[in-house]
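Everything below concerns the one structure shown next.
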Amino acid sequence: MSNDEITLTAGDAEVALVPGSGGRVRSLRIGGVELLRQGERYGCFPMVPWCGRIRDGKFRNGATLHQMPLNSPPHAIHGTARDGAWRVARTGKNEAVLTYDLVDPWPYPGRVTQIAALTEDSLTLTMSVEAYESSFPAQIGWHPWFNRNLGQDDARVDFTPAWQEERGADHLPTGNRIDPLPGPWDDCFGMPDGVHVTLSWPGQLELTVASREEWAVVYDEQPEAVCVEPQTGPPDGLNTRPRLVTPIEPLEATTTWTWRTL
């Protein structure tokens, strides 16, 4: 199938996916209003096979030490799939399935599958990672850039985490859990009952980012956008909280964005 941009529609909602640019969601328009920051780095990209930063770009699988490219020196950040071209496995009016084969510099062969399903009031993204041969640690996450302003007042961010991962000077969790601090944030939060973060643009729209996973990074240090990133573990999780993918047990995660007009 073609790797050109895919458009999904449901009611007055429209989603554009770009398989050839990291399998990202380029656009989400509700009633003609664009919710995602535009640009080749933005939209919403999948973070896989890891999320956030890996300390010094190094991780272990058993006794084997691997070095990833330092694309955010001195660390490696956000996985490799966002830089690759994904394939279209299936597409319809309101659903698309994309796949990505894990290749160098990731040292283990495997496949990532992402399903995007749109309804009139929600977008559900489901991603899985499967191993072909050797088992390996992995993470799944999404990095949406929501526009801070939709033409009126700036978005408000509302969530009630159980804890915040203390952030060191190197932007990585220290391993200590602290009481949540006020923003601005570039921080990882724990929500053991599942991720639930609401963005409200007063008088316009409310959007909730939800996931069964218990980790989310919230980043709002830029004036243009707010990022709410559900993921299967904290930054540097390949080292601190590895989730093992085996040939018979893939890793899967889902996030759903639900919206309503105000």
Side-chain angles (χ1 to χ4, degrees), residues 1-6 16-26 39-91 96-116 125-144 213 217 229-255:
M1 288 188 179
S2 169
N3 280 348
D4 295 339
E5 183 168 291
I6 296 167
L17 301 166
V18 191
S21 179
R24 77 186 59 224
V25 178
R26 182 189 65 76
E40 63 179 18
R41 294 180 55 238
Y42 301 113
C44 171
F45 60 82
M47 296 185 292
V48 66
W50 74 85
C51 304
R53 296 169 176 85
I54 302 176
R55 188 183 306 277
D56 301 322
K58 297 177 180 178
F59 75 95
R60 288 189 179 275
N61 186 14
T64 305
L65 180 67
H66 295 288
Q67 176 71 60
M68 294 291 99
L70 303 181
N71 58 350
S72 182
H75 308 303
I77 196 169
H78 294 336
T80 58
R82 67 171 178 151
D83 299 317
W86 293 51
R87 296 187 179 92
V88 180
R90 186 176 74 249
T91 186
V97 180
L98 310 180
T99 65
Y100 174 75
D101 290 323
L102 293 170
V103 294
D104 186 71
W106 185 253
Y108 298 99
R111 172 167 289 187
V112 183
T113 302
Q114 179 174 229
I115 303 170
L125 300 170
T126 301
M127 193 157 34
S128 62
V129 184
E130 58 183 307
Y132 286 160
E133 301 168 4
S134 302
S135 301
F136 55 84
Q139 287 180 293
I140 288 171
W142 290 269
H143 196 306
E213 304 305 321
V217 169
E229 309 161 35
Q231 47 198 65
T232 60
D236 201 32
L238 289 191
N239 291 307
T240 61
R241 299 180 69 91
R243 299 277 292 271
L244 197 65
V245 179
T246 75
I248 61 172
E249 188 174 7
L251 175 63
E252 182 175 295
T254 295
T255 183

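Numbers for residues simply follow the sequence, beginning at 1.
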Query raised in the report: Looking only at heavy atoms, what is the nearest atom pair of Ala76 and Gly57, with distance?
Result: CB-CA, 3.8 Å

Query raised in the report: Parallel under 30°, tilted from 30 to 60°, perpendicular over 60°: which one fits the rings of Phe136 and Tyr108?
Result: parallel

Query raised in the report: Taking atom CG of Leu65 as the centre, does the number of heavy atoms from other residues, nucleotides or ligands within less than 6.0 Å exceed 12?
Result: yes

Query raised in the report: Do Pro144 and Val25 have side-chain heavy atoms sitting under 4.5 Å apart?
Result: no

Query raised in the report: When rounded to the nearest 0.5 angstrom, what distance separates OG1 in Thr80 from CG in Asp104?
Result: 9.5 Å

Report task. Taking Asn61 for its side chain and Pro137 for its backbone only, find out whether a donor-acceptor pair lies under 3.5 Å. Result -> no

Query raised in the report: So how far is it from Thr246 OG1 to Glu130 CD, rounded to the nearest 0.5 Å?
Result: 10.5 Å

Query - Inter-residue atom distance Cys51.SG - Asp236.CG, 0.5 Å rounding - result: 12.0 Å

Query raised in the report: Ile6 and Pro19: which non-hydrogen atoms are nearest, and at how many Å?
Result: CD1-CG, 3.9 Å

Query - Between CH2 on residue Trp50 and OG1 on residue Thr232, distance to nearest 0.5 Å - result: 13.5 Å

Query raised in the report: Run the side chain to side chain contact (heavy atoms under 4.5 Å, CB included) check on Val18 and Glu40 step by step: do they pass?
Result: CA-CA 10 Å; Val18 191; Glu40 63 179 18; over 6 Å; no

Query raised in the report: Within a radius of less than 6.0 Å around CD of Glu252, do more than 12 heavy atoms belonging to other residues, nucleotides or ligands occur?
Result: yes

Query raised in the report: Is there a donor-acceptor pair under 3.5 Å between the side chain of Glu213 and the backbone N or O of Pro230?
Result: no

**Report entry** Shortest non-hydrogen separation from Gly237 to Gln139 and the atoms involved
**Finding:** CA-NE2, 3.7 Å

Query raised in the report: If every non-hydrogen atom of Thr240 is compared with every non-hydrogen atom of Pro235, which pair is closest and at what distance?
Result: OG1-O, 4.4 Å

Query raised in the report: Looking only at atom types and distance, does a side-chain atom of Trp142 sit under 3.5 Å from a main-chain N or O of Glu229, one as donor and one as acceptor?
Result: no

Query raised in the report: Got a donor-acceptor contact below 3.5 angstrom from the Arg24 side chain to the Tyr42 backbone?
Result: yes

Report task. Give a yes or no answer on whether the side chain of Gln114 reaches the backbone of Pro46 with a donor-acceptor pair at less than 3.5 Å. Result -> no

**Report entry** Interatomic distance, Arg53 atom CZ to Asn71 atom CG [nearest 0.5 angstrom]
**Finding:** 10.0 Å

Report task. Nearest 0.5 Å please: distance from the CE atom of Met68 over to the NE2 atom of His66. Result -> 7.0 Å

**Report entry** Sidechain-backbone polar pair: His143 side chain, Cys44 backbone, donor-acceptor under 3.5 Å
**Finding:** no

Query - Considering all heavy atoms, the nearest Leu17-Ala96 contact - result: CD1-CB, 3.7 Å

Query raised in the report: Among Thr113, Ile115, Ile140, which residue meets the side-chain contact (heavy atoms from CB on, under 4.5 Å) test with Met127?
Result: Ile140

Query raised in the report: Considering all heavy atoms of both residues, which atom of Pro109 and which atom of Pro107 are nearest to each other, and what is their separation?
Result: CD-O, 4.1 Å

